There are 2 protein chains.
Amino acid sequence: MAATPSSPGRPDDLTLEVVGLIGSVVARYHEEYEEAAAGHDLTGAQARLLSLLCLEPLPMRKLAHRLKCEPSNVTGIVDRLESRGLAERRPDPADRRVKVAAATREGRRVARGLRESLRFAREPLAALTDEERRSLRDILRTMLDTEGTAAEGRE
Amino acid sequence: MAATPSSPGRPDDLTLEVVGLIGSVVARYHEEYEEAAAGHDLTGAQARLLSLLCLEPLPMRKLAHRLKCEPSNVTGIVDRLESRGLAERRPDPADRRVKVAAATREGRRVARGLRESLRFAREPLAALTDEERRSLRDILRTMLDTEGTAAEGRE
DNA sequence: TATTGTTATACTCTATAACTATA
DNA sequence: TATAGTTATAGAGTATAACAATA
């Protein structure tokens with residue numbers, strides 16, 4: 001535990017500075033992600049969905065849950081990816097109500113290109129020593145260990 | 001300098017893990033920001049713009065530059081804030097073409113509430129020791145010191 | 001009846017291009 | 001003529017509600 005850490009009410013200067021820095025990192029990360037997506041003629045939402053499908057095919061419903069949006073939105077995003085031949089809908093033999101979205105070969109190719117053009121969050125790490133990277137890893141793990149993870153339980 | 005750090009081509013496992021953790025932090029940060037904004041009946045864009053205005057009044061043009069979007073978009077966002085009495089447009093005595101957007105008293109009140117409800121990026125830091133926070137600060141500074149900052153020069 | 005995916009609708013954000021009023 | 005802000009337009013993401021097919 002910290003000596004005199006940021007109490008919930010009145011964060012100290014160091015904490016405030018770190019909060020600001022995290023905000024900057026988040027902003028940079030997002031800019032670069034959108035930029036990389038645009039470089040492959042994808043919107044951010046399309047890029048995120050396609051990246052998910054490259055890990056595993058998913059029913060529309062689960063896709064919505066993963067993207068934390070309404071199922072009705074997924075219809076349009078998959079439509080646009082499908083019209084470009086990057087994704088496809090497959091029937092689920094077990095339940096004929098379900099449609100499973102999957103990345104096509106071309107979709108996986110585009111997603112790979114996208115992944116490789118995401119240099120931020122990786123390139124700046126090259127400026128760190130191995131020890132710093134390990135330190136950062138441990139700190140980030142601690143940060144992410146705060147509540148909030150509970151909601152992720154249901155899948 | 002690192003001993004055998006992530007070369008541009010083939011990042012090591014540690015780097016990949018840290019990249020993933022950063023992605024998670026970014027996702028959490030964004031979710032909580034949007035959620036906090038929605039809690040005050042603001043969209044993310046409105047919340048970001050209003051927060052900027054609370055630091056200082058800004059001409060529409062500069063606002064667009066800060067938000068990294070086209071000036072035509074700012075018109076609508078400020079319109080919506082203005083219709084709720086959270087922001088206002090003031091003439092610039094020096095240049096009658098310019099309209100300076102500013103937060104109203106109510107706007108600053110809402111922004112303060114928003115800021116205080118943004119517990120993430122601050123609350124998880126409470127789990128860190130002072131030394132860890134200093135360490136994190138230095139690492140984040142190093143990360144943000146990577147190129148890319150050049151584009152920020154023009155203001 | 002409940003669930004899956006879709007459609008219809010409405011709002012916001014986004015970029016582009018054309019317009020206006022200044023400079 | 002160049003610039004600041006706006007309008008008009010179109011595409012995309014988002015949530016809500018209603019719907020068809022299936023369970």
Side-chain angles (χ1 to χ4, degrees), chain A residues 27 30-31 33-35 37-53 57-84 86-102 154-155, chain B residues 27 30-31 33-35 37-53 57-84 86-102 154-155:
Chain A
H30 248 84
E31 280 165 42
Y33 192 91
E34 296 289 321
E35 211 171 286
H40 295 266
D41 288 304
L42 295 170
T43 64
Q46 287 164 13
R48 281 185 287 277
L49 195 153
L50 183 57
S51 298
L52 275 182
L53 291 190
L58 286 169
M60 305 299 275
R61 205 91 192 169
K62 283 205 173 180
L63 221 26
H65 184 253
R66 293 284 177 86
L67 295 172
K68 295 182 204 303
C69 73
E70 295 303 312
S72 59
N73 303 324
V74 176
T75 298
I77 303 175
V78 170
D79 278 351
R80 287 179 274 277
L81 288 174
E82 195 164 27
S83 74
R84 283 179 54 194
L86 304 180
E88 61 184 11
R89 287 170 166 92
R90 299 172 186 164
D92 181 341
D95 185 339
R96 288 195 303 173
R97 290 173 305 178
V98 173
K99 288 176 190 169
V100 179
R154 182 159 320 282
E155 192 75 40
Chain B
H30 249 84
E31 278 165 41
Y33 192 91
E34 296 289 321
E35 209 171 286
H40 295 267
D41 287 305
L42 294 170
T43 64
Q46 288 165 10
R48 281 185 288 276
L49 196 153
L50 183 57
S51 299
L52 276 181
L53 292 189
L58 285 169
M60 304 298 277
R61 205 89 192 173
K62 285 204 172 178
L63 222 26
H65 185 252
R66 294 286 179 85
L67 295 171
K68 296 183 203 304
C69 71
E70 294 303 311
S72 59
N73 303 326
V74 177
T75 298
I77 302 175
V78 171
D79 278 352
R80 287 178 274 276
L81 289 174
E82 196 164 26
S83 74
R84 282 179 55 194
L86 304 180
E88 62 185 9
R89 286 169 166 92
R90 300 171 185 165
D92 180 341
D95 187 337
R96 289 196 302 174
R97 290 173 305 181
V98 174
K99 287 177 189 169
V100 179
R154 181 155 322 280
E155 191 73 39

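Below, chains carry the letters A, B, ... as their sequence lines are ordered, and counting in each starts from 1. These values consider heavy atoms only, across backbone and side chains, with no hydrogens, waters or symmetry-generated copies. Since we're looking at a predicted model, the values are computed, not measured.
Between Ile77(A) and Ala45(A), the shortest heavy-atom contact is CD1-CB, 4.0 Å.
Remark: Arg80(B) pairs with no residue by the salt bridge (Lys or Arg N to Asp or Glu O under 4.0 Å) rule, at least two apart or across chains. Under the side-chain contact (heavy atoms from CB on, under 4.5 Å) criterion, Leu52(B) pairs with Leu63(B), Arg66(B), Leu67(B), sequence neighbours left out. With sequence neighbours left out, the side-chain contact (heavy atoms from CB on, under 4.5 Å) criterion links Ser51(A) to Tyr33(A), Leu114(A). Partners of Glu31(B) according to the salt bridge (Lys or Arg N to Asp or Glu O under 4.0 Å) rule, which considers only residues two or more places apart in sequence or in another chain, do not exist here. Partners of Asp95(A) according to the salt bridge (Lys or Arg N to Asp or Glu O under 4.0 Å) rule, which considers only residues two or more places apart in sequence or in another chain, are Arg97(A). In terms of the side-chain contact (heavy atoms from CB on, under 4.5 Å) criterion, residue partners of Glu34(A) (sequence neighbours excluded) are, by chain and number, His30(A), Arg48(A).
Summarising the geometry, the separation between CD on Glu34(B) and C1' on dA15(D) is reported as 14 Å, rounded to the nearest angstrom. Rounded to whole Å, atom C1' of dT14(D) lies 14 Å from atom CZ of Arg80(B). The CD-P distance, from Glu31(B) to dT14(D), rounds to 13 Å in whole Å. Remark: P of dT14(D) and CD of Gln46(A) are 10 Å apart, rounded to the nearest angstrom.
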Side-chain donor-acceptor pairs of residues 86-93 of chain A under 3.5 Å, sequence neighbours excluded:
unit_1: Glu88(A); atom_1: OE2; unit_2: Arg90(A); atom_2: NE; d: 3.0
unit_1: Glu88(A); atom_1: OE2; unit_2: Arg90(A); atom_2: NH2; d: 3.0
unit_1: Arg89(A); atom_1: NH1; unit_2: Asp79(A); atom_2: OD1; d: 3.0
unit_1: Arg89(A); atom_1: NH1; unit_2: Glu82(A); atom_2: OE1; d: 2.5
unit_1: Arg89(A); atom_1: NH2; unit_2: Thr75(A); atom_2: O; d: 3.2
unit_1: Arg89(A); atom_1: NH2; unit_2: Asp79(A); atom_2: OD1; d: 3.0
unit_1: Asp92(A); atom_1: OD1; unit_2: Ala94(A); atom_2: N; d: 2.8

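Boundaries of the chain B contact region on DNA chain C are dT12(C) to dA23(C), first to last in 5' to 3' order (nucleotide atom under 4.0 Å from a heavy atom).
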5' to 3', nucleotides 2-10 of chain D under a 4.0 Å protein heavy-atom cut-off (B base, S sugar-phosphate only, - none) gives BBBBBB---
